[in-house]
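What follows is one structure encoded as structure tokens, with my remarks underneath.
Both counts, for ligands and for their atoms, begin at 1 and track the order of listing.
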Amino acid sequence: MAGATLRTLDYSVLQQCMHCGMCLPTCPTYDTTRHERNSPRGRIALMRAIADGTLGVTREFAEELSYCLGCLACQTACPAGVDYAEAFEAARSDIELSRAHPGAARKFWRALTLGFLFMHPRMLRMAARALGVYQRSGLESLVRRSGLIRLLPPALRRLEPQTPRIASRFSNARIGTHEAPAGTARYRVALLTGCVQDLVFPDVNRDTADVLLANGCAVDTPAVQPCCGSLHAHNGDLDGARTLARRMIDLFPPDRYDAIISNAGGCGSHLRRYGSLLEDDPVYRERARAWDARLQDVHEWLALIGCRAPEAAPSSEPIHVTYHESCHLVHGQKVTRQPRALLRMIPGVSLVELPESTWCCGAAGIYAITQPAQAELLLQRKVGHIVSTGAQYVATANPGCHLQIARGLDAAGLRVQVVHPVSLLAEAYRASAAGAED
Ligand code: SF4
Ligand code: SF4
């Protein structure tokens with residue numbers, strides 16, 4: 001039935017909005033158009049009308065929710081505590097259930113990615129491996145030079161240069177299943193390797209394991225891990241997200257660990273909501289709540305256990321670093337102070353504040369694919385601010401932001417490097433260890 005998910009949502013989620021408009025100045029899409037319907041307040045009004053049965057799930061509604069970044073800046077700004085994340089996911093689920101987004105090509109890509117590859121981690125790695133071989137073998141350059149790219153449909157042609165570079169070895173080839181720190185372990189933790197992080201930035205996962213080990217944590221990193229389900233939840237496939245949440249909980253029983261560690265803002269924000277996702281599941285409900293209580297963003301965990309300051313600098317020269325806040329780390333998880341504290345404790349690093357550090361960079365999952373013009377606008381705004389800091393590095397803790405910002409900097413011909421905060425800390429620990437050996 002159209003609007004079924006919004007209708008079953010705890011109605012107070014939508015009723016809580018008192019139309020005060022405090023969220024409007026924080027919303028990137030409202031900032032662009034100044035149209036009420038492109039604002040959080042306008043979108044909540046539409047959702048409420050659907051829940052009330054006075055509006056159907058129309059194509060216009062689907063387009064409006066596709067234009068929303070899901071950045072959750074409105075959630076941080078809201079004095080009434082509206083849970084926009086939950087309402088947004090319910091709305092997107094209704095859109096998929098009502099098939100308000102027509103098109104065979106869209107259906108095919110959803111079935112291939114959400115329905116198949118991201119449900120089967122081994123198949124996802126196999127597909128990524130094939131793509132990596134294509135990229136490294138010279139075949140990619142050949143295809144580009146031959147002009148064959150021009151035969152692709154316009155959307156794919158536009159996306160082709162944005163394909164991320166696939167790593168030659170994934171996390172399972174770099175991190176042991178069980179790794180123990182020198183001396184007695186103070187904590188036992190699980191490390192979630194993610195999907196994009198695993199395929200594109202496995203070095204960030206290795207750095208995370210190293211930093212945890214250096215802080216007295218025994219680290220469990222199963223070689224094959226399911227996708228966390230955030231892509232599914234954000235794109236209206238709540239059943240797929242629930243299936244993946246159950247697989248995660250089975251693989252990482254929460255009572256086995258002091259903490260379950262995520263190093264990707266987008267994944268972490270979803271991972272700590274398994275309790276509400278599985279609320280109606282009598283078998284998993286309690287374990288899902290226990291899971292949420294154990295889930296920690298890596299910066300948050302390091303701050304909690306008292307992160308050890310490295311003795312040496314990661315680079316022989318002093319470096320200026322600015323920090324871009326992933327929307328789902330700052331707004332979804334409220335982790336904002338800890339990454340800065342971590343960067344400040346690294347010798348030789350000076351942190352330069354980024355103007356509008358919490359403003360979305362336009363990555364937002366697959367937003368750059370679905371809304372390229374708005375994504376580009378936000379990227380240009382972000383790049384401009386990064387340039388204004390004069391920093392040589394921009395630190396960020398989400399693979400989507402990492403890729404998007406790196407692409408923007410590269411296109412502008414800038415030599416600013418994008419780095420995960422934990423990678424800088426890991427490098428400083430390595431320099432400290434090398435200094436101690438000399
Ligand atoms: S999630 Fe972001 S884009 Fe969507 S309504 Fe909220 S602030 Fe605006
Ligand atoms: S700030 Fe909260 S209560 Fe006010 S209009 Fe926005 S969503 Fe509604």
Side-chain angles (χ1 to χ4, degrees), residues 5-6 9-52 60-95 101 230-231 233-236 265-270 273 276 324-334 336 356-382 398 400-401 404:
T5 320
L6 280 167
L9 192 70
D10 178 359
Y11 194 61
S12 64
V13 173
L14 299 172
Q15 224 169 16
Q16 250 168 333
C17 176
M18 52 192 185
H19 319 291
C20 67
M22 299 275 279
C23 52
L24 267 56
T26 69
C27 174
T29 54
Y30 178 74
D31 184 72
T32 302
T33 67
R34 301 283 158 177
H35 293 152
E36 175 72 12
R37 72 162 193 278
N38 304 137
S39 77
R41 188 173 60 185
R43 288 171 182 139
I44 290 167
L46 291 176
M47 292 178 206
R48 193 165 163 179
I50 289 171
D52 287 341
E60 289 70 29
F61 178 70
E63 280 164 6
E64 187 49 56
L65 266 288
S66 164
Y67 189 44
C68 172
L69 291 142
C71 68
L72 308 183
C74 49
Q75 199 166 284
T76 298
C78 178
V82 171
D83 188 343
Y84 189 84
E86 194 163 354
F88 173 76
E89 286 178 1
R92 286 219 167 158
S93 166
D94 279 343
I95 289 163
H101 271 312
S230 68
L231 258 184
H234 295 174
N235 290 287
C267 303
S269 174
H270 174 73
R273 294 170 61 92
S276 63
H324 159 72
E325 309 200 46
S326 133
C327 296
H328 283 239
L329 191 55
V330 56
H331 302 305
Q333 304 187 62
K334 311 292 181 228
T336 182
E356 294 186 346
S357 64
T358 62
W359 199 258
C360 182
C361 65
I366 56 166
Y367 197 79
I369 303 173
T370 56
Q371 301 286 339
Q374 176 71 11
E376 194 57 32
L377 203 71
L378 293 171
L379 178 58
Q380 291 313 320
R381 184 166 173 158
K382 185 62 66 181
N398 188 50
C401 307
Q404 169 87 338

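Side chain to side chain, T32 and Q374 meet the donor-acceptor criterion of an N or O pair below 3.5 Å. Side-chain contact annotation: T336 with E325, donor-acceptor N/O pair under 3.5 Å present.
The ligand atoms of ligand 2 that sit less than 4.0 angstrom from a heavy atom of I44 are 7 (S). Taking every non-hydrogen atom of G70 and a distance limit under 4.0 Å, the qualifying atoms of ligand 1 come out as 1 (S), 4 (Fe). Heavy-atom contacts of P79 reach the following atoms of ligand 2: 1 (S) (cutoff under 4.0 Å).
Using a 4.0 Å cut-off between heavy atoms, F88 makes no contact with ligand 1 at all. Residue contacts with ligand 1 for R43 involve side-chain atoms from C-beta outward but no N, CA, C or O (heavy atoms, distance under 4.0 Å).
The closest protein non-hydrogen atom to atom 8 (Fe) of ligand 1 is C27 SG, 2.3 Å. The protein atom (non-hydrogen) at minimum distance from atom 4 (Fe) of ligand 2 is C20 SG, 2.3 Å. In terms of protein heavy-atom proximity, atom 3 (S) of ligand 2 is nearest to M18 N, 3.3 Å. Of the protein's non-hydrogen atoms, the one nearest atom 5 (S) of ligand 2 is G21 N, 3.2 Å. Closest to atom 2 (Fe) of ligand 1, if we only count protein heavy atoms, is C71 SG, 2.3 Å.
At a cut-off of 2.8 Å, C78 does not coordinate atom 4 (Fe) of ligand 2 through any N, O or S atom. Within the 2.8 Å limit, C17 places no N, O or S atom next to atom 6 (Fe) of ligand 2.
Ranked by closest heavy atom to atom 6 (Fe) of ligand 1, the top entry among C68, C74, C23 is C74.
With rounding to the nearest 0.5 Å, the separation of CE in M47 from CG in D52 is 13.5 Å. Summarising the geometry, atom SG belonging to C74 is positioned 10.0 Å from atom CG belonging to L69; distances are rounded to the nearest 0.5 Å. The distance from atom CZ of R41 to atom CE of M18, rounded to the nearest 0.5 Å, is 11.5 Å.
Two residues are said to be in side-chain contact when any heavy atoms from C-beta on lie closer than 4.5 Å; T370 and S66 meet this criterion.
For S39, the closest heavy-atom approach to ligand 2 does not fall below 4.0 Å.
No option in E60, E64, E36, E63 other than E64 meets the salt bridge (charged side-chain N to carboxylate O under 4.0 Å, His left out) test with R43.
A side-chain donor-acceptor contact under 3.5 Å links D94 to the backbone of T5.
Taking the six-membered ring where the residue is Trp, H328 and H234 present tilted rings, their angle falling between 30° and 60°.
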